[in-house]
Amino acid sequence: MELDSRLEVRIQAITIETETIKRFTFVGTVDRSLPAFSAGSHIIVYLKGRGVELERRYSLIGHPDKTDNYQIAVKLRENSSGGSTFLHNKTQIGDILQISFPKNYFPLSFHARHHVFYAAGIGITPFLSMMCELKEQDKSFELHYAAKTKDECAFYAYLIKEYPQQAYFYFSKEGNRLDASSLSDQTVGTHVYLCGPERFTTSFSHAATSFGYPPSNIHYEYFSPPIVYMPRTFLLELSDGSLLSVPDEKSTLDTLLDAGYSVPYSCKVGRCGTCELPIVKGEAEHHDSFLTTEQKESHTSFLPCVSRSKLEKLKISCG
């Protein structure tokens with residue numbers, strides 16, 4: 001079950017940032033102030049789509065100290081399953097929505113001497129609150145932001161105004177493509193933060209590792225589960241003797257929840273570890289970014305929100 005209760009908010013404003021990105025401002029319906037959040041936090045917005053309730057995660061882009069409203073930015077996706085389509089085309093000012101309390105699996109490091117942000121497209125969103133906080137604290141940071149064109153670069157005018165010395169832009173359709181070479185020029189103690197499409201994030205994460213960045217200095221954010229190529233159906237055997245078939249199009253966690261098992265969860269993208277379950281027999285196909293390499297190789301537990309079985313059957317302990 002979802003661990004946190006929900007908040008009710010009203011849409012106060014809808015602002016067009018680009019042709020495909022809108023900014024939504026939410027205010028509380030009961031109290032004027034909303035719960036405080038830390039830089040890098042996100043909320044879950046509960047939406048309607050194709051006859052079912054959808055959960056969509058969006059970074060809070062406002063100043064962390066200002067809780068009279070929450071702001072998120074949403075990109076309208078071509079193959080949307082309902083989330084971005086609903087917000088872009090179905091909502092209007094005054095509508096009431098339900099959201100989660102803020103969660104943060106992408107915090108700033110207190111140990112960093114210098115912070116370097118790499119964003120692609122809508123991946124700019126978590127860095128907006130982070131840069132606000134760092135600027136106020138007079139901390140060292142820089143932003144490398146990739147988009148196809150200046151017109152498709154959300155918050156471009158704001159970033160140029162607020163961070164003229166820290167923001168660097170790369171527009172691929174203008175022949176200026178962002179690459180990982182700037183990673184090699186950083187000083188010891190630099191922390192790297194990545195957010196964008198999975199291919200972008202994975203590529204820059206691997207590049208940072210190859211340049212010698214310690215794993216603890218590389219941070220990244222995913223708002224959707226990692227892509228599992230050619231997932232296979234497998235049998236899940238539970239400690240009570242039950243057998244469940246996990247189809248290729250459904251996660252292990254959703255299969256358990258649909259069968260009536262009470263499994264705590266939160267992020268659903270393999271980041272937080274809330275849904276971790278013990279493995280009794282078998283080997284997991286791990287796709288999370290929470291367990292260490294040693295924990296994954298031991299096959300003693302797995303995160304059912306994103307991970308599956310390597311074999312035809314996986315036996316787990318689940319109440």
Side-chain angles (χ1 to χ4, degrees), residues 1-4 40-46 54-59 77 81 83 100-107 109 118 120 122-123 125-126 192-206 208-209 215-234 236 244 246-258 261-279 282-311 314 316-318:
M1 60 183 174
E2 175 64 51
L3 292 183
D4 296 329
S41 293
H42 72 275
I43 56 172
I44 298 173
V45 181
Y46 300 95
L54 301 175
E55 299 178 4
R56 293 294 181 266
R57 291 155 177 78
Y58 299 106
S59 293
R77 301 191 180 278
S81 60
S100 71
F101 281 75
K103 306 165 186 286
N104 197 345
Y105 308 129
F106 194 39
S109 170
Y118 286 89
I122 195 64
T125 53
V192 176
Y193 304 80
L194 309 167
C195 191
E198 184 177 352
R199 185 176 179 181
F200 169 87
T201 303
T202 301
S203 172
F204 275 77
S205 177
H206 289 166
T209 301
S216 59
N217 288 33
I218 305 170
H219 315 270
Y220 49 88
E221 180 73 299
Y222 290 128
F223 287 126
S224 58
I227 297 172
V228 180
Y229 295 97
M230 301 181 66
R232 296 173 298 176
T233 297
F234 67 95
L236 191 66
L244 299 175
V246 182
D248 56 7
E249 75 279 4
K250 184 181 290 188
S251 72
T252 312
L253 174 62
D254 284 341
T255 301
L256 287 163
L257 294 174
D258 289 347
Y261 289 91
S262 181
V263 181
Y265 66 88
S266 184
C267 76
K268 276 193 168 183
V269 294
R271 291 297 306 273
C272 68
T274 304
C275 65
E276 183 178 358
L277 292 174
I279 295 174
E283 295 184 7
E285 182 181 278
H286 297 282
H287 297 286
D288 66 274
S289 54
F290 176 81
L291 298 176
T292 65
T293 300
E294 292 75 16
Q295 288 174 319
K296 291 177 180 179
E297 291 176 348
S298 71
H299 295 290
T300 55
S301 67
F302 81 127
L303 269 57
C305 63
V306 294
S307 298
R308 304 178 68 83
S309 177
K310 274 189 177 181
L311 309 174
L314 183 69
I316 66 169
S317 178
C318 177

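Residue numbers count from 1 along this sequence.
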So, taking the atom named [atom1] in [X] and the one named [atom2] in [Y], what distance separates them when rounded to the nearest 0.5 Å?
{"X": "E285", "Y": "L311", "atom1": "CD", "atom2": "CG", "result": "10.0 Å"}
{"X": "R57", "Y": "T125", "atom1": "CZ", "atom2": "OG1", "result": "14.0 Å"}
{"X": "T300", "Y": "I279", "atom1": "OG1", "atom2": "CD1", "result": "7.0 Å"}
{"X": "L54", "Y": "I44", "atom1": "CG", "atom2": "CD1", "result": "12.0 Å"}
{"X": "N104", "Y": "S59", "atom1": "CG", "atom2": "OG", "result": "9.0 Å"}
{"X": "S100", "Y": "Y46", "atom1": "OG", "atom2": "OH", "result": "5.0 Å"}

query = Can you tell which of Y58, F101, Y105 makes a ring-ring contact (aromatic ring centres under 6.0 Å, His included) with H42?
reply =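 For H42, the ring-ring contact (aromatic ring centres under 6.0 Å, His included) check succeeds only for Y105.
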query = Stepwise, does the side-chain contact (heavy atoms from CB on, under 4.5 Å) test hold for L236 with L256?
reply = CA-CA 9 Å; L236 191 66; L256 287 163; 3.7 Å; yes
task = Give a yes or no on whether the backbone of E198 and the side-chain of T202 come within a donor-acceptor separation of less than 3.5 Å.
result =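 Indeed, once roles are kept as given, a pair shorter than 3.5 Å links the two residues.
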message = Whether the side chain of T201 engages the backbone of E221 through a donor-acceptor N/O pair (distance < 3.5 Å, no angle test) should be reported.
response =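 No; judged by distance alone, with no hydrogens or angles, the pair does not exist.
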Under the ring pair (Phe, Tyr, Trp, His ring centres under 6.0 Å) test, residues paired with H287 that sit two or more places apart =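 Expected list: none.
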ask   = Quick one: ring pair (Phe, Tyr, Trp, His ring centres under 6.0 Å) partners of H299, sequence neighbours excluded?
value =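 H299 satisfies ring pair (Phe, Tyr, Trp, His ring centres under 6.0 Å) with H286 only.
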Closest non-hydrogen atom pair, [X] against [Y]:
{"X": "C272", "Y": "T274", "answer": "SG-OG1, 3.0 Å"}
{"X": "F302", "Y": "A284", "answer": "CB-CB, 3.7 Å"}
{"X": "T292", "Y": "Q295", "answer": "N-OE1, 2.8 Å"}
{"X": "F200", "Y": "C195", "answer": "CE2-O, 3.8 Å"}
{"X": "T252", "Y": "R308", "answer": "OG1-CA, 4.1 Å"}
{"X": "I43", "Y": "P102", "answer": "CG2-CA, 4.0 Å"}

message = With a 4.5 Å cut-off on side-chain heavy atoms, are T255 and P247 touching?
response =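 Touching, per the 4.5 Å side-chain cut-off.
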task = Decide yes or no for Y193 and S109: does some side-chain heavy atom of the first lie under 4.5 Å from some side-chain heavy atom of the second?
result =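 Yes, their side chains come closer than 4.5 Å.
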request  = Using the side-chain contact (heavy atoms from CB on, under 4.5 Å) rule, pick out the option among D288, L303, V263 that qualifies with E276.
outcome  =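 The option that passes is L303.
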